[in-house]
Amino acid sequence: MCGRFALYEPSDIIQDHFGLDDASELVPNYNIAPGTGILGIAYYENSLVPMFLKWGLIPHWSKAKQTQYKMINARVETVWDKSSFRSAIRYRRCLIPASGFYEWKKTDSGKQPYFISVSGTNIFAMAGIWETWEDKSSGEVIDSCAIVTTEAQGAVKEIHDRMPVTIDRSGYKNWLDPMVQTRDQLKIYQLDHSLITVWPVSPKVNNPRNNGPELIQQVTP
DNA sequence: CCAGACGTTGTT
DNA sequence: GTCTGG
DNA sequence: CCAGACGTTGTT
DNA sequence: GTCTGG
């Protein structure tokens with residue numbers, strides 16, 4: 001699955017990579033956790049825009065903004081079938097920029113965190129879906145999102161059985177195309193899994209209050 | 001029809 | 001055990 | 001995902 | 001809102 005990631009590439013590089021018109025000022029973050037605001041890129045009102053999305057999807061029909069369920073991930077195998085995700089996968093897909101993500105491997109002595117990144121780049125895209133929720137009485141509006149997951153690819157298989165769906169640059173257009181509204185039309189071009197690199201990192205990443213480049217340094221578990 | 005759930009992961 | 005906060 | 005709280009009354 | 005279960 002994907003429950004923590006990092007985005008530390010400079011804003012102007014992110015802007016160029018995704019072809020955005022306006023830059024959003026981002027500080028490097030090595031410990032992005034569910035429930036916080038994250039950067040998503042989506043077509044909205046006919047243009048490609050950066051959006052701040054609360055990580056943890058709140059369905060539009062939800063009565064409370066605090067959802068009982070932790071919808072931080074959506075399985076690609078079933079996302080078209082679930083009532084909570086059906087309209088979002090059809091009409092509101094987004095790219096979620098990342099420099100890498102973390103997965104935890106269960107061991108005899110506990111859980112060991114690993115950092116997963118892509119050779120040759122500090123920026124790639126994870127597949128996301130988003131939704132707008134509005135409080136009918138107060139008028140409060142929250143845009144939220146979930147990261148789409150799939151079975152582990154490449155080197156990730158060694159540590160975990162799930163990971164985010166990645167989208168190769170060649171697949172950005174189709175994934176974001178608002179005219180693509182069916183499972184058959186949606187083509188998922190994932191990154192070449194031979195580029196995926198995995199190494200163990202310090203358990204400092206466990207605490208979401210910790211941050212900084214030391215979190216992605218390789219350690220001996 | 002109405003009532004009630006609506007999710008994933010990992011662990012048992 | 002379960003929920004909230006990060 | 002993991003870490004850390006989990007409560008009320010009354011007083012400052 | 002939409003799907004499943006009864």
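In what follows, chains are A, B, ... by sequence order, proteins preceding strands, each numbered from 1.
Checked by atom type, the side-chain pair A:Asp184/A:Thr182 shows no donor-acceptor distance below 3.5 Å. Inspection of the A:Arg162 and A:Thr150 side chains reveals no N or O donor paired with an N or O acceptor under 3.5 Å.
Counting non-hydrogen atoms under 4.0 angstrom, A:Ala74 reaches the backbone sugars and phosphates but no base. Nucleic acid contact for A:Phe85: sugar-phosphate only, since backbone atoms but no base atoms lie under 4.0 Å from a heavy atom of the residue. Looking at heavy-atom distances under 4.0 Å, A:Pro34 makes contact with a base. Looking at heavy-atom distances under 4.0 Å, A:Ser62 makes no contact with the nucleic acid at all. Residue A:Asp161 is in sugar-phosphate contact alone, with no base atom involved, counting any heavy-atom pair closer than 4.0 Å across all strands shown. Residue A:Ser87 is classed as having no contact, given no heavy-atom separation below 4.0 Å to the nucleic acid.
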Pull out every protein N or O sitting under 3.5 Å from an N or O of nucleotides 3-6 of chain E, one pair per line with the distance.
| from | atom 1 | to | atom 2 | distance (Å) |
| --- | --- | --- | --- | --- |
| E:dC3 | OP1 | A:Arg86 | NE | 3.0 |

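A nucleotide of DNA chain D counts as in contact with chain A when one of its atoms lies under 4.0 Å from a heavy atom; the first and last such, 5' to 3', are D:dC1 to D:dG4.
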I'd like a table of donor-acceptor pairs (distance under 3.5 Å, sequence neighbours excluded) in which one partner is a side-chain atom from residues 120-127 of chain A, with atom names and distances.
| from | atom 1 | to | atom 2 | distance (Å) |
| --- | --- | --- | --- | --- |
| A:Thr121 | OG1 | A:Ile123 | N | 3.1 |
| A:Thr121 | OG1 | A:Ile123 | O | 2.9 |

Side-chain donor-acceptor pairs of residues 26-47 of chain A under 3.5 Å, sequence neighbours excluded:
| from | atom 1 | to | atom 2 | distance (Å) |
| --- | --- | --- | --- | --- |
| A:Asn29 | OD1 | A:Asn31 | N | 2.9 |
| A:Asn29 | OD1 | A:Asn211 | ND2 | 2.8 |
| A:Asn31 | OD1 | A:Arg4 | NH1 | 2.9 |
| A:Asn31 | ND2 | A:Val205 | O | 3.3 |
| A:Asn31 | ND2 | A:Asn207 | O | 3.1 |
| A:Asn31 | ND2 | A:Asn210 | O | 2.9 |
| A:Thr36 | OG1 | A:Ala33 | O | 2.6 |

List, one per line, each side-chain donor-acceptor pair under 3.5 Å for residues 138-147 of chain A, sequence neighbours excluded.
| from | atom 1 | to | atom 2 | distance (Å) |
| --- | --- | --- | --- | --- |
| A:Ser138 | OG | A:Glu140 | N | 3.2 |
| A:Glu140 | OE1 | A:Lys65 | NZ | 3.4 |
| A:Glu140 | OE2 | A:Lys65 | NZ | 3.2 |
| A:Asp143 | OD1 | A:Thr132 | OG1 | 2.7 |
| A:Ser144 | OG | A:Ile58 | N | 2.8 |

Which is it for A:Tyr102 and A:Tyr114 under the ring pair (Phe, Tyr, Trp, His ring centres under 6.0 Å) test, yes or no, and what are the steps along the way?
-> CA-CA 6 Å; A:Tyr102 299 94; A:Tyr114 288 79; over 10 Å; no

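Rounding to the nearest 0.5 Å places SG of A:Cys94 at 8.5 Å from CH2 of A:Trp130.
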What pattern of brackets, bars and dots sums up DNA chain B from 5' to 3', given Watson-Crick or G-U wobble pairs under 3.5 Å, [ ] for crossing pairs and | for another strand?
-> ||||||......

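Across A:Asp168, A:Val118, A:Thr166, a single residue satisfies side chain to side chain contact (heavy atoms under 4.5 Å, CB included) together with A:Leu195, and that is A:Val118.
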